[in-house]
Amino acid sequence: MMQCLKCKGFMMVERHYTVVNRRIYARCLNCGFWIDLADLLRFFHKVIDSGVKGGKVRESFTL
């Protein structure tokens with residue numbers, strides 16, 4: 001179960017299909033806060049990749 005980062009409510013995963021791309025979001029059922037899970041996955045991939053290479057982690061993710 002995912003909890004909202006703002007209100008600690010329940011978040012539901014949604015898929016949105018458009019002509020250009022497919023996105024996966026998590027949206028809070030209580031306050032409506034949403035986050036793009038693909039962007040979050042890319043962020044963590046960069047952090048892990050830079051840690052494996054031995055470099056400093058200089059990635060940031062803003063909400």
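Only a predicted model underlies this, so the values are computations on that prediction, with no experimental measurement involved.
Scanning for side-chain contact (heavy atoms from CB on, under 4.5 Å) contacts around F44 gives L40, with sequence neighbours left out. Among residues two or more places apart in sequence or in another chain, the ring-ring contact (aromatic ring centres under 6.0 Å, His included) test is passed with F10 by none. With sequence neighbours excluded, the residues that form a side-chain contact (heavy atoms from CB on, under 4.5 Å) with R42 are R23, A38, D39. Shown here are the side-chain hydrogen bond (donor to acceptor under 3.5 Å, both in side chains) partners of Q3, two or more places apart in sequence or in another chain: there are none. Taking the side-chain contact (heavy atoms from CB on, under 4.5 Å) definition, one finds that I24 meets it with V13, R15, L37, sequence neighbours left out.
C31 and K6 get closest at one heavy-atom pair: SG-CB, 4.4 Å. The two atoms that bring M2 and A26 nearest to each other are CE-CB, 3.6 Å, heavy atoms only.
To the nearest 0.5 angstrom, I35 atom CD1 is 12.0 Å from C28 atom SG.
Each side chain to side chain donor-acceptor pair (under 3.5 Å) pair with one or both residues in residues 24-33, not counting sequence neighbours, appears once here: E14-R27.
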